[in-house]
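Below is one structure, written out as structure tokens; comments come after it.
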Number of protein chains: 2
Amino acid sequence: MLDATSSYNPTAPRIPVDDRTGQDTVPETPRRTDRPSGTRYGSRPTMKDVAARAGVGLKTVSRVVNGEPGVTPETERRVQEAIEALGFRRNDSARVLRKGRTASIGLVLEDLADPFYGPLSRAVEEVARAHGALLINGSSAEDPDREQELVLALCARRVDGLVVIPAGDDHRYLEPELKAGVATVFVDRPAGKIDADVVVSDNYGGARDGVAHLIAHGHRRIGFIGDMPRIHTAAERLRGYRTAMEDAGIPVADSWMSLGVTDPERVRRAAGEMLSGPDPVTAIFTGNNRVTVTVIRVLAEHTRRVALVGFDDIELADLLQPGVTVVAQDAAALGRTAAERLFRQLDGTLLRPERVELPTRLITRGSGELPPAD
Amino acid sequence: MLDATSSYNPTAPRIPVDDRTGQDTVPETPRRTDRPSGTRYGSRPTMKDVAARAGVGLKTVSRVVNGEPGVTPETERRVQEAIEALGFRRNDSARVLRKGRTASIGLVLEDLADPFYGPLSRAVEEVARAHGALLINGSSAEDPDREQELVLALCARRVDGLVVIPAGDDHRYLEPELKAGVATVFVDRPAGKIDADVVVSDNYGGARDGVAHLIAHGHRRIGFIGDMPRIHTAAERLRGYRTAMEDAGIPVADSWMSLGVTDPERVRRAAGEMLSGPDPVTAIFTGNNRVTVTVIRVLAEHTRRVALVGFDDIELADLLQPGVTVVAQDAAALGRTAAERLFRQLDGTLLRPERVELPTRLITRGSGELPPAD
DNA sequence: CCCGACTCTGACAACGTTGTCCAGGCTCTA
DNA sequence: TAGAGCCTGGACAACGTTGTCAGAGTCGGG
């Protein structure tokens with residue numbers, strides 16, 4: 001993936017414009033088109049250039065650009081004209097340096113390509129937009145080091161706030177940032193070893209209800225396939241499973257529980273073992289959308305009818321035969337709630353970290369209502 | 001959505017630190033925790049602070065932070081210690097201002113929550129990451145004004161490059177940016193009225209093949225339901241449909257084609273009319289993933305068996321009864337290709353704008369192979 | 001006709017970082 | 001032991017913008 005031959009180097013020093021004017025060092029053809037006169041190639045016009053062209057002072061340009069009062073219409077017209085002619089665009093880096101706020105927030109999540117995180121990200125973006133801020137996304141790929149790297153890169157850019165879906169379980173590295181006033185909200189999973197705002201779904205209760213639903217339909221031998229146990233949501237959902245089983249007085253066999261990475265191979269193997277062992281399950285509870293999809297495939301190839309309830313809703317789940325019963329969480333609501341809390345921190349209307357838990361919803365569609373087929 | 005009560009105002013002037021030191025204007029409780037001494041509340045430590053604490057010069061701190069040579073291990077240790085103690089984090093805004101490159105690129109797409117764009121965005125991010133750049137996402141919601149607003153906001157932040165999935169059809173507003181050296185690649189749809197790099201799928205050919213597939217299975221009355229005709233991909237796919245029909249010598253009835261917004265109500269109505277009119281279709285070709293999903297729902301409620309081929313692959317399409325035959329495009333490849341071209345522009349290894357077309361793939365799963373049921 | 005009030009404009013410093021350049025101390029060699 | 005050369009460190013300017021403040025110009029009233 002890394003392209004060693006690339007000469008794009010964002011950290012290389014900027015070549016002084018004067019160094020390029022010599023006849024013998026003239027660069028090859030300028031890229032694409034000519035520039036309006038008054039602009040040096042590769043460097044953009046500044047307010048100074050605009051001021052010179054319009055024959056006004058620097059600050060007057062600033063006033064026009066920012067819509068501040070105290071500029072005669074005639075002067076404003078001249079400035080606008082110069083802006084237009086030069087293609088001037090304010091440099092927000094300089095602005096940020098001066099003003100201290102960047103009007104941008106960061107979102108670190110696991111994988112933007114996952115259908116759970118897309119809507120979450122979009123919801124955060126909408127709230128940010130309503131507050132005039134841009135959103136910078138980053139995917140941690142479930143790697144704590146990459147999470148930290150991303151978060152610190154965002155802090156270096158001085159985002160006003162951070163929404164983090166943590167991959168790691170130790171966020172003490174964020175302490176200086178919190179102290180410096182970077183608003184921070186953790187979503188989907190709690191922060192580790194620091195006191196911070198958290199917005200999560202009721203993973204425990206949702207899983208418990210989902211498993212109880214299977215039990216209510218006569219199942220006793222119920223399998224659980226989930227994500228790696230170090231991931232908080234996976235652990236909580238497992239806890240919900242255990243509680244439901246315990247409440248029903250059903251002892252759980254070790255072979256009924258499988259936690260690990262959610263790639264299809266591992267999940268297939270896990271499902272296969274549960275379904276074919278000496279004590280085969282009659283129902284499976286799946287720990288997230290990826291696992292559910294794989295298990296649906298396994299069951300489709302399977303002759304015996306096996307009941308299924310999955311955590312997370314999935315598209316088209318209602319059109320399968322049977323429809324897939326799920327414990328749905330509202331990804332957009334998670335994102336929206338988190339972002340709104342973030343901006344309330346920035347407002348100053350939210351002073352103390354809290355933990356917010358959003359409910360889940362059991363959606364019955366058939367697969368969870370299949371009776372045990374022993 | 002807009003929160004008028006919010007006092008978060010990214011454009012408000014920064015309160016000078018000195019103004020806060022008066023006893024009578026002391027702010028309420030500092031947020032959350034105390035700060036390490038040497039740092040003023042709300043303003044972060046700078047290299048100057050670090051230098052003072054470590055008892056070295058400003059530039060020495062800069063050298064340490066950037067891993068430049070010419071610092072004794074002992075001095076470096078002292079600096080690192082000061083950085084640690086103060087929680088210093090380099091301010092990239094200032095850095096960018098000095099260096100000229102931001103090591104960030106922008107991606108403007110329609111909707112991050114759409115399962116087509118999530119993977120595309122992720123692919124762009126991965127390429128950016130390989131080049132040491134961050135990605136800023138923005139959703140245009142298919143609104144040309146919002147697209148322009150986003151693009152210009154990104155340019156004001158001086159992103160090094162832009163990947164744009166255009167909503168509008170006039171991008172002359174980008175001319176000053178292109179001239180200033182902002183690398184730009186359009187994806188999924190071509191740029192309007194400017195000469196720029198473009199990466200698209202073979203929408204025309206894919207649709208033609210998909211419709212030809214239906215014709216090969218005996219269909220003659222085939223409907224087309226697509227997105228708004230002003231969207232380039234929709235127009236191209238319609239063109240593919242027309243060509244396939246024409247090649248087979250089949251005259252197309254107006255009532256067989258429906259283009260418009262892709263919300264479920266409109267699509268449902270369109271499908272209903274095609275299926276129930278005086279000249280009902282025996283097969284439908286759907287113009288994108290959202291339309292396909294809605295039509296699948298309509299057909300599931302329908303008694304007569306209707307063949308279906310959809311543009312864009314959809315998850316679980318293989319598990320439906322019948323499986324959904326689709327013309328698949330590779331969203332990740334689109335994003336990857338576009339991003340790679342972007343960085344080649346920044347490299348200087350890509351000098352002239354080109355149009356790259358990626359192939360589509362017909363995936364047969366059953367729904368497209370149903371015979372006409374008149 | 002002069003003065004004060006008001007409006008509009010511009011010079012200047014500061015934001016935090018990096019590149020340039022020079023000074024001082026050190027080592028090494030003759 | 002003196003001189004050359006290297007290594008380390010620091011002073012300073014510049015990046016492009018905005019806030020402060022003061023000056024120039026205009027207008028009306030006394």
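Convention: sequence-line order gives letters A, B, ...; per-chain numbering from 1.
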Got a salt bridge between B/E149 and A/R129, using NZ or NE/NH1/NH2 to carboxylate O under 4.0 Å? yes
Closer than 3.5 angstrom, by distance alone: can the side chain of B/S140 be matched with the main-chain N or O of B/L109 as a donor-acceptor pair? yes
Give the rounded distance in Å between these two atoms: CZ of A/R101 and C1' of C/dG16. 18 Å
Whole angstrom is fine here: how far is it from CG in B/D49 over to C1' in C/dC15? 13 Å
Hey, is the main chain of A/C155 close enough, under 3.5 Å, to the side chain of A/R158 for a donor-acceptor pair? yes
In whole angstroms, the gap separating C1' of C/dT18 from CE of B/M47 amounts to 8 Å
Nearest-Å distance, CG (A/L86) to P (D/dG16)? 14 Å
OP1 or OP2 of C/dG16 under 4.0 Å from side-chain N/O of B/R44: no
Is there a side-chain polar atom (N or O) of A/N66 under 4.0 Å from OP1 or OP2 of D/dT18? yes
Whole-Å gap separating C1' (D/dC15) and CG (B/D92): 15 Å
Would you mind telling me which residue lines up with the more 5' stretch of DNA chain C, B/A94 or B/E68, judged by nearest nucleotide? B/A94
Please state how far atom CZ in B/R78 lies from atom C1' in D/dG10, giving the value in whole angstrom units. 13 Å
As a test of understanding, state which of A/V56, A/V79, A/T60 forms a side-chain contact (heavy atoms from CB on, under 4.5 Å) with A/V50. A/V79
Determine whether a donor-acceptor pair (N or O, by modelled atom type, separation under 3.5 Å) exists between the side chain of A/D160 and the backbone of A/A103. yes
Quick one: is D/dC15 close enough that its OP1 or OP2 comes under 4.0 Å of any side-chain N or O from A/K48? no
Tell me whether B/D347 contacts the main-chain N or O of B/T349 through its side chain, where contact means a donor paired with an acceptor under 3.5 Å. no
Starting at atom CG of A/N91, determine the distance to atom P of D/dA14, rounded to an integer number of angstrom. 18 Å
Mind calculating the distance between CG (A/L97) and P (D/dG19) to the nearest angstrom? 13 Å
Mind listing the N/O atom pairs, protein and nucleotides 6-13 of chain C, below 3.5 Å?
from: C/dT9; atom 1: OP1; to: A/T72; atom 2: OG1; distance (Å): 2.8
from: C/dT9; atom 1: OP1; to: A/T75; atom 2: OG1; distance (Å): 2.3
from: C/dT9; atom 1: OP2; to: A/G70; atom 2: O; distance (Å): 3.4
from: C/dT9; atom 1: OP2; to: A/T72; atom 2: N; distance (Å): 3.2
from: C/dG10; atom 1: OP1; to: A/G57; atom 2: N; distance (Å): 3.2
from: C/dG10; atom 1: OP2; to: A/G57; atom 2: N; distance (Å): 2.4
from: C/dG10; atom 1: OP2; to: A/T60; atom 2: OG1; distance (Å): 2.8
from: C/dG10; atom 1: O5'; to: A/G57; atom 2: N; distance (Å): 3.4
from: C/dG10; atom 1: N7; to: A/R63; atom 2: NH2; distance (Å): 2.9

For residues B/N91 and B/R44, determine if any side-chain heavy atom of one lies less than 4.5 Å from a side-chain heavy atom of the other. no
